[in-house]
Amino acid sequence: MRAGFAFAVLSCAAFDAQAACEARSGANVVPLVELYTSEGCSSCPPADRWLSKLALADAGEANFLAFHVDYWDEIGWHDRFGSPAYSQRQRQRVAAAEGGDTVYTPQVMVGSNVRVAWSEPKKFSTALSSATGQAKASIALRLDPTPVGRWRATVAERNVGVATPGIRLWLAQYLDGQTTEVRAGENKDATLHHDHAVTRLWGPWSLEDAKNRTQQVAFEAPSSPWGLVAFVQDPRGQTLQTLELPVSRCKAGK
């Protein structure tokens, strides 16, 4: 692991077969890597495999989320992870960072850099390095199982640097180990594999109001491996801090 990247401190306590646990971000920014992808896009599977390899390596250099857009559904294959909200987020991210409106898949974003050369290791490494530094936000994330089989997530942010107008807090849930046999579209007859595929996105919560700095959400536990990523971004998409909490660490008591 490179110097300069933050560690998350994780603690867990037993709760029957499951465990409540929490994590806190470190002193330096852990960049957020956003992949915009689709099962209907023939050039996307290599990017999906690339993200899976890095995300599952758990090196701590960055946190990863795969947002599946829905505009490829029009050519014949409905992406079960696709959402118009993620397509809208992609467009909004580009407009905020560049003032433009050109989006594509696969598209990788790191902070306000919305056109990262993900397939070129040196350029990708440079993009990550440019997104690090002393954190201007601090995130705490806690997961609690409930007696009725649901989970309750509490996310809190405490600004530790110069307050930036328009900063917002988000919380994403992702699934790992997903497989799809595609029956139509550009990837017809292909078997696709996905990790860190976003299935829920809560927020944004404006952090200019102190009352918004602690949020709580409840949800049914997915049957597949899953986790949460909390992140704080400014109006241009620059990431002030991120924090990941895979539920597997809670269950294992790690």
Beyond-backbone contact of Ser43 with Pro106, side-chain heavy atoms, under 4.5 angstrom: yes
Does atom CZ of Arg168 have more than 12 heavy-atom neighbours, drawn from other residues, nucleotides or ligands, at distances under 6.0 Å? no
Nearest heavy-atom approach of His68 to Ser38 is ND1-CA, 4.3 Å
Between Gln241 and Ile139, the two heavy atoms sitting closest are O-CD1, 3.6 Å
To the nearest 0.5 Å, atom CD of Glu186 lies from atom SG of Cys41 at 6.5 Å
**Prompt:** Taking C-beta and beyond as the side chain, do Val182 and Leu192 meet within less than 4.5 Å on heavy atoms?
**Reply:** yes
Minimal heavy-atom distance between Ala127 and Asn113, with the atoms involved, is CB-ND2, 4.1 Å
| Do Ser83 and Asp70 have a side chain donor and acceptor closer than 3.5 Å? | no
Rounding to 0.5 Å, atoms CD (Gln178) and CG (Asp48) come to a distance of 12.5 Å
Exercise. Is Trp170 linked to Leu245 within one hydrophobic cluster, defined over Ile, Leu, Val, Met, Phe, Trp and Tyr using a side-chain heavy-atom separation of less than 4.5 Å?
Worked result: no
Verify the cluster assignment for Val229 and Val232: are they in a single hydrophobic cluster under the rule of side-chain heavy atoms below 4.5 Å apart? no
Check: His194 ring centre within less than 6.0 Å of Phe81 ring centre:
yes
Is it true that the side chains of Gln88 and Tyr86 contain a donor and an acceptor less than 3.5 Å apart? no
Minimal heavy-atom distance between Gly76 and Ala184, with the atoms involved, is O-CB, 3.4 Å
Is it the case that Tyr174 and Glu244 place a side-chain donor and acceptor less than 3.5 Å from each other? yes
*asked:* Tell me whether Glu74 at atom CD has more than 12 heavy atoms from other residues, nucleotides or ligands lying less than 6.0 Å away.
replied: no
Discussion item. Side chain to side chain contact (heavy atoms under 4.5 Å, CB included) for Asp176 and Leu56? Distances and angles first, verdict last.
Written reply: CA-CA 9 Å; Asp176 281 336; Leu56 298 181; 3.9 Å; yes
Trp50/Trp118 aromatic ring centres below 6.0 Å: yes
Polar side chain donor-acceptor pair, Tyr71 to Gln90, under 3.5 angstrom: yes
Below 4.5 Å, heavy atoms only, C-beta onward: do Pro222 and Gln173 meet side chain to side chain?
yes
Within one Ile-Leu-Val-Met-Phe-Trp-Tyr cluster: Val29 and Phe231, side-chain cutoff 4.5 Å
no
So OG of Ser129 and CD of Glu61: to nearest 0.5 Å the spacing works out to 8.5 Å
From the list Thr242, Leu201, Val198, side-chain contact (heavy atoms from CB on, under 4.5 Å) with Leu65 holds only for Val198
| Check: His196 side chain, Ala66 main-chain N or O, donor-acceptor pair, under 3.5 Å | no
Is a salt bridge present between Glu181 and Arg183, judged by a nitrogen-to-oxygen distance below 4.0 Å?
yes
Are Ser138 and Arg24 linked by a side-chain donor-acceptor pair shorter than 3.5 Å?
no
Under a 3.5 Å cutoff, is there a donor and acceptor pairing between the side chains of Thr154 and Gln215? no
Do Arg152 and Gln216 have side chains that approach each other closer than 4.5 Å (heavy atoms only, starting at C-beta)? yes
Shared hydrophobic cluster for Leu128 and Val116 (ILVMFWY, side-chain gaps under 4.5 Å) | yes
Closest non-hydrogen contact found for Gln107 with Thr102 is NE2-O, 4.5 Å
Scanning both residues in full, the closest heavy-atom pair of Asp195 with Leu51 reads O-CD2, 3.3 Å
Please lay out, stage by stage, how Thr191 and Thr180 fare under the test side chain to side chain contact (heavy atoms under 4.5 Å, CB included).
-> CA-CA 6 Å; Thr191 299; Thr180 301; over 6 Å; no
In this structure, OG1 of Thr199 is separated from CG of Leu175 (nearest 0.5 Å) by 4.0 Å
**Request:** Spell out, as yes or no, whether a donor-acceptor pair under 3.5 Å connects the side chain of Arg236 to the backbone of Ala97.
**Result:** yes
Next item on the list: Tell me, with the steps shown, if Asp234 and Ile167 meet side chain to side chain contact (heavy atoms under 4.5 Å, CB included).
Entry: CA-CA 4 Å; Asp234 71 12; Ile167 60 174; 4.1 Å; yes
- Task: Check step by step if side chain to side chain contact (heavy atoms under 4.5 Å, CB included) holds for Leu141 and Leu228.
- Result: CA-CA 9 Å; Leu141 184 57; Leu228 300 174; 4.0 Å; yes
Does Asp79 use its side chain to pair, donor to acceptor, with the backbone of Glu39 at less than 3.5 Å?
yes
So does Leu169 get a backbone contact from the side chain of Arg213, meaning a donor-acceptor N/O pair under 3.5 Å?
no
The reported gap from CH2 in Trp151 to CZ in Arg142 (rounded to nearest 0.5 angstrom) is 10.5 Å
Checklist entry - Given the rule that I, L, V, M, F, W and Y join up when any side-chain heavy atoms are under 4.5 Å apart, are Val103 and Tyr36 in one cluster? => result yes
Rounded to the nearest 0.5 Å, the CG atom of Leu240 sits from the CG atom of Leu32 at a distance of 11.5 Å
query = Does NZ or CZ of Arg89 come closer than 6.0 Å to the centre of the six-membered ring of Phe67, within 45° of the ring's axis?
reply = yes
Test ring pair (Phe, Tyr, Trp, His ring centres under 6.0 Å) on Trp77 and Trp72 and set out the steps. CA-CA 8 Å; Trp77 179 252; Trp72 279 95; over 10 Å; no
